[in-house]
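Numbers here simply count residues along the sequence, with the first being 1.
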Amino acid sequence: MDVPLWFALLIVGALGVKLIRPPWWLIGVLLLGGFLLADSVLAPAVDGFVK
């Protein structure tokens, strides 16, 4: 079964928000931080750490 990555992340994110109930500002900070980090000079270091 092939599931697109965006769909799997959406499901995991929805379950995390439902079960853990973090504040909405924290969700926004994490999303914005991840978006900004992906386009920074630190992206190769993060990519190497994740893999």
(message) My understanding is that a hydrophobic cluster links ILVMFWY residues whose side chain heavy atoms are under 4.5 Å apart, including indirect links. Using that, what else belongs to the cluster containing F35?
(response) L32, L36

(message) Is it the case that over 12 heavy atoms from other parts of the model lie below 6.0 angstrom from the CG atom of D47?
(response) yes

(message) So which atom in S40 and which in P44 form the shortest heavy-atom distance, rounded to 0.1 Å?
(response) O-CD, 4.4 Å

(request) For residues G16 and P22, report the shortest heavy-atom separation together with the two atoms involved. (result) O-CD, 4.1 Å

(message) Let me confirm one number: the CG-CG distance from L37 to L30, rounded to the nearest 0.5 Å.
(response) 11.5 Å

(message) Running the 4.5 Å side-chain criterion over Ile, Leu, Val, Met, Phe, Trp and Tyr, what cluster does L31 land in, apart from itself?
(response) V17, W24, I27

(message) Tell me the closest heavy-atom pair linking A43 and A38, and the distance in Å.
(response) CB-O, 3.6 Å

(request) From the options L9, L5, I11, select the one residue that forms a side chain to side chain contact (heavy atoms under 4.5 Å, CB included) with F7. (result) I11

(request) Report the residues that fulfil side chain to side chain contact (heavy atoms under 4.5 Å, CB included) with W25, sequence neighbours left out, ordered by chain and then residue number. (result) P23, V29

